[in-house]
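Worksheet for the structure shown next.
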Amino acid sequence: MTAPAKAPRMPLASLPPLDETDGTRLTRNDEREREHYEGSDLTGYDLTASLFTECDFSAVTLDGTQLRGARFVECRISDSFAPSLLAARTTWREVVIVNPRWGSAELFEANITSLHLRGGKIDYLNLRTSTITDLLIEDCTITDLDLGGCRGTRIALRNCRVETLDVTRATLADVDLRSTTLATVNGLEGLRGVTIDDYQLSLFAPLFASHLGVIVD
């Protein structure tokens, strides 16, 4: 019998005392540590390749903020707003994200280690060709979740609603999709190494049959 999927290892929830700042002086290639940004509007800021360590972002606006190559280490991001999140090739290590309201979230080619995303709504979460170790997404509504070409270990979606999941050419191990509602899955061969429940299996049966060329009469 195949062993059940191993649960992702989650980051610590607490942060040390932080300095309050509005973020107006943030620039690209910045290095920030132990700061709290509350209600900051970072629309259009260029924070390329910046490093944030033990920082807390509360109710910040990140619309069009250029975060390409930025690194978030032991951070917390809550109630953030971003119709367009530009975060390609970012690094996320021991990060908690709570109630995001994101439209198009471009996190392709990201490097994720121990990320907990809880609540909120995301229209398009693009994690294509990312490297993921320990990712928990729970109680979140995602229209399109793109894991195409990613390498993922210990990923769990709990009590989520996902309209379209793309796992084309993904390499996955210890991935648990039980308790999540999925409408459509693209790239069925990428489900190798994924755990689903009996109900999901019954819903996916027509997709599996079509993929294998099986005629059901």
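Bear in mind that the values here come from a model prediction, so they are computed numbers and not experimental data.
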> Looking at D176 and A5, what are the two nearest heavy atoms and their distance?
Replying inline: CB-CB, 4.2 Å

>> Is there a side-chain contact between F52 and I77 in this structure, where contact means two heavy atoms from C-beta onward sitting under 4.5 Å apart?
In response: no

>> I need the minimum non-hydrogen distance between M10 and L115, along with the two atoms involved.
In response: CE-O, 3.8 Å

> Hey, are the side chains of I142 and I137 touching, using non-hydrogen atoms and a 4.5 Å cut-off?
Replying inline: yes

> Atom CG in D139, atom SG in C160: separation rounded to 0.5 Å?
Replying inline: 6.5 Å

> Is there a side-chain hydrogen bond (donor to acceptor under 3.5 Å, both in side chains) between D63 and T61 once you walk through the steps?
Replying inline: CA-CA 6 Å; D63 187 23; T61 299; over 6 Å; no

> With sequence neighbours excluded, what pairs up with R118 under the side-chain contact (heavy atoms from CB on, under 4.5 Å) test?
Replying inline: R76, V96, V98, H116, E138

>> So T24 and Y45, do their side chains get closer than 4.5 Å, heavy atoms only?
In response: yes

>> Holding to side-chain contact (heavy atoms from CB on, under 4.5 Å), I want the full list of residues that pass it with E106, two or more places apart in sequence or in another chain.
In response: S104, F108, Y124, N126

> What residues form a salt bridge (Lys or Arg N to Asp or Glu O under 4.0 Å) with D166, not counting sequence neighbours?
Replying inline: R128

>> Would a single hydrophobic cluster contain both I97 and L86, if residues Ile, Leu, Val, Met, Phe, Trp and Tyr are joined by side-chain heavy-atom contacts under 4.5 Å?
In response: no

>> Please find the pair of heavy atoms, one from L47 and one from A70, that lie closest to each other, and give the distance.
In response: O-CB, 4.0 Å

> Any side-chain heavy atom of L127 sitting closer than 4.5 Å to one from I112?
Replying inline: yes

>> For L117 versus C140, what's the shortest heavy-atom pair and its separation?
In response: CD2-SG, 3.8 Å

> C55 and L15: which non-hydrogen atoms are nearest, and at how many Å?
Replying inline: O-CD1, 3.9 Å

> Looking at side-chain heavy atoms only, is the closest gap between D56 and E35 below 4.5 Å?
Replying inline: no

> Can you tell me how far the CZ atom of R9 sits from the OG atom of S114, to the nearest 0.5 Å?
Replying inline: 9.5 Å

>> With a 4.5 Å cut-off on side-chain heavy-atom distances among I, L, V, M, F, W and Y, is there a chain of contacts connecting V194 to V167?
In response: yes

> Should L136 and L107 be counted in the same cluster of Ile, Leu, Val, Met, Phe, Trp and Tyr side chains packed under 4.5 Å apart?
Replying inline: no

>> How long is the straight-line distance from OG1 of T171 back to CD1 of I132, given to the nearest 0.5 Å?
In response: 11.5 Å

>> Could you check whether any side-chain heavy atom of E20 comes within less than 4.5 Å of a side-chain heavy atom of H36, counting everything from C-beta outward?
In response: yes

> Say you draw a straight line from CD of E163 to CG of D144; how long is it, rounded to the nearest 0.5 Å?
Replying inline: 8.0 Å

> Can you name the residues that form a ring-ring contact (aromatic ring centres under 6.0 Å, His included) with Y37, not counting sequence neighbours?
Replying inline: F57

>> Against L125, only a single residue in T143, L145, V162 fulfils side chain to side chain contact (heavy atoms under 4.5 Å, CB included); can you say which?
In response: L145

>> Contact between V175 and L147 at the side-chain level, heavy atoms closer than 4.5 Å - yes or no?
In response: no

> Under 3.5 Å, side chain of T184 to main-chain N/O of T164, donor-acceptor pair present?
Replying inline: no

> Are D174 and R154 ion-paired here, with the side-chain N under 4.0 Å from a carboxylate O?
Replying inline: no

> Is there side-chain contact between P100 and I122, with at least one heavy-atom pair below 4.5 Å?
Replying inline: yes

> ring-ring contact (aromatic ring centres under 6.0 Å, His included) with W102: which residues, sequence neighbours excluded?
Replying inline: none

> Which pair of heavy atoms, one from T21 and one from S40, lies closest together, and at what distance?
Replying inline: O-OG, 4.2 Å

> Is it the case that one hydrophobic cluster holds both L182 and I196, taking links as side-chain heavy atoms less than 4.5 Å apart, direct or via other members?
Replying inline: yes

>> Rounded at 0.5 Å granularity, tell me how far CZ in R32 sits from CG in D19.
In response: 10.5 Å

> So does E31 have more than 12 non-hydrogen atoms from other groups sitting under 6.0 Å from CD?
Replying inline: no

> Looking at OG1 of T48 and CG of D30, how far apart are the two atoms once the value is rounded to the nearest 0.5 Å?
Replying inline: 11.5 Å

> Is L51 reachable from W92 through a run of hydrophobic residues whose side-chain heavy atoms are each under 4.5 Å from the next?
Replying inline: no

> Any donor and acceptor pair, going by atom type alone, linking the side chain of S50 with main-chain N or O of T27 inside 3.5 Å?
Replying inline: yes

>> Please list all pairs meeting salt bridge (Lys or Arg N to Asp or Glu O under 4.0 Å) that have one or both residues in residues 89-99, counting only residues at least two apart or in different chains.
In response: R89-E109

